[in-house]
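Predicted model, so just to flag it, every value in this text is computed and none were measured.
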Amino acid sequence: MFFNVKDVQQFQAQKDFIDTALVPLLSLDFNDSKIKQSSSSAEFLMSLTAFVEQQFKGRLMLVPPFSYTEQTKNGLAVNLLKEDLQNAGFKHVLFITCDHTWTSNNEQLEVIWLPAIPLESMDSGVKKTILEEQLKQIIPKLTSKWSQS
């Protein structure tokens, strides 16, 4: 499910079943030497999370990405976002990112880290295969979380 009117209405009607929020943590770097890598990582993360949403529609909601720069990263209230999502009825709030620093920054957040894979030069068949392989990394984390509740 996406964060749009139609899917949100379905979420409100079926909160017991749609119990997981997936939040992409998206690093933006506009430095000339890093902007291409940053945009490549963003493209990968958004493609991957949309693919995850397709596979688990009706069980999780993909919320809009939480975007930040290196300068704004430390002041972010990501824990407050997690709280807001839990207060809205999500039993599980998972963050997904290509920025490895999130894995050690905060023990209160459940962060799935995957290295960015440049998709921009791949044809659609190869891209889909790559996304399927990455999904295999995410499925055990989701099912483990769901089996705890």
Side-chain angles (χ1 to χ4, degrees), residues 1-29 37-70 72-120 122-149:
M1 310 189 86
F2 289 101
F3 191 73
N4 60 39
V5 173
K6 179 182 165 221
D7 287 354
V8 166
Q9 287 173 331
Q10 187 177 350
F11 164 72
Q12 289 178 312
Q14 300 176 357
K15 281 186 181 183
D16 290 342
F17 304 105
I18 306 159
D19 63 354
T20 304
L22 184 62
V23 183
L25 295 172
L26 192 58
S27 175
L28 305 175
D29 195 326
Q37 171 64 34
S38 179
S39 64
S40 178
S41 294
E43 181 180 349
F44 168 74
L45 189 60
M46 298 316 296
S47 295
L48 178 62
T49 55
F51 190 69
V52 170
E53 185 280 336
Q54 286 176 357
Q55 304 305 309
F56 294 104
K57 193 169 192 78
R59 182 69 198 257
L60 69 75
M61 180 178 290
L62 175 61
V63 300
F66 197 92
S67 303
Y68 60 93
T69 65
E70 202 56 42
T72 63
K73 184 177 187 175
N74 292 332
L76 296 180
V78 179
N79 289 327
L80 294 176
L81 173 60
K82 177 184 175 184
E83 249 181 67
D84 285 345
L85 289 166
Q86 288 172 327
N87 291 339
F90 292 103
K91 294 176 192 156
H92 310 290
V93 179
L94 298 162
F95 295 86
I96 187 166
T97 186
C98 295
D99 180 351
H100 196 267
T101 60
W102 284 101
T103 60
S104 59
N105 267 2
N106 196 325
E107 302 81 41
Q108 298 164 335
L109 300 179
E110 300 218 26
V111 177
I112 299 170
W113 172 80
L114 294 165
I117 298 170
L119 300 175
E120 61 272 5
M122 296 180 189
D123 69 38
S124 60
V126 174
K127 200 181 286 191
K128 185 171 190 251
T129 301
I130 296 288
L131 294 175
E132 287 169 349
E133 288 301 313
Q134 294 304 302
L135 179 65
K136 289 178 187 175
Q137 307 277 328
I138 297 169
I139 289 174
K141 294 171 183 172
L142 288 172
T143 55
S144 166
K145 192 75 183 145
W146 291 331
S147 68
Q148 294 171 5
S149 56

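Aromatic ring centres of Trp146 and Phe56: separated by under 6.0 Å. Ring-centre distance between Trp102 and Phe66: not below the 6.0 Å cut-off. In this structure, Phe11 has its ring center under 6.0 Å from that of Phe90.
To the nearest 0.5 angstrom, Glu120 atom CD is 10.0 Å from Ser47 atom OG. A distance of 5.0 Å separates CD1 in Ile138 from CG in Leu114, rounded to the nearest 0.5 Å. The line from OG1 of Thr49 to CG of Leu135 is 11.5 Å long, rounded to the nearest 0.5 Å. The CG atom of Leu25 lies 9.5 Å from the CD1 atom of Ile96; values are rounded to the nearest 0.5 Å. In this structure, Thr143 OG1 and Gln148 CD are separated by 10.0 Å, a value rounded to the nearest 0.5 Å. Of the inter-residue distances, the one linking Asp29 atom CG with Gln37 atom CD reads 9.5 Å to the nearest 0.5 angstrom.
Each of Lys136, Lys128, Gln134 was scored for a side-chain hydrogen bond (donor to acceptor under 3.5 Å, both in side chains) with Glu132, with one residue passing: Lys128.
A donor-acceptor pair is defined here as one N or O able to donate and one able to accept, closer than 3.5 Å; such a pair exists between the side chain of Trp113 and the backbone of Cys98. When atom types are taken as modelled, the side chain of Glu53 and the backbone of Met1 share a donor-acceptor pair closer than 3.5 angstrom. Using a distance-only test at 3.5 Å, with no hydrogens or angles considered, no donor-acceptor pair links the side chain of Lys57 to the main chain of Val52. Side-chain atoms of Asp19 do not come within 3.5 Å of backbone N or O of Lys91 as any donor-acceptor pair. For the pair Lys15 (side chain) and Ala88 (backbone), a donor-acceptor distance under 3.5 Å is present. Between the side chain of Thr72 and the backbone N or O of Thr69, at least one donor-acceptor pair lies under 3.5 Å. Here the side chain of Ser38 pairs a donor or acceptor atom with the backbone of Ser27 at under 3.5 angstrom.
Using modelled atom types, one finds no donor on one side chain facing an acceptor on the other under 3.5 Å when comparing Glu133 with Thr129. With 3.5 Å as the limit, one finds no donor-acceptor pair spanning the side chains of Thr97 and Asp99.
Inter-residue side-chain proximity for Met61 and Val8 is flagged as met; some heavy-atom pair is nearer than 4.5 Å. By the 4.5 Å heavy-atom criterion applied to side chains, Leu22 and Val63 are not counted as neighbours. Considering only heavy atoms from C-beta on, Leu94 stays 4.5 Å or farther from Leu109 through its side chain. The side-chain heavy atoms of Ile117 and Met122, taken from C-beta on, include a pair separated by under 4.5 Å.
Looking at every heavy atom in both residues, Val93 comes nearest to Gln86 through CG2-CG, 3.8 Å. Taking all atoms of both residues into account, the shortest heavy-atom contact from Leu62 to Ala50 is CD2-N, 3.9 Å.
Around atom CD of Gln54, more than 12 heavy atoms belonging to other residues, nucleotides or ligands sit under 6.0 Å away. In the displayed structure, Phe3 atom CZ is contacted under 6.0 Å by at most 12 heavy atoms of other residues, nucleotides or ligands.
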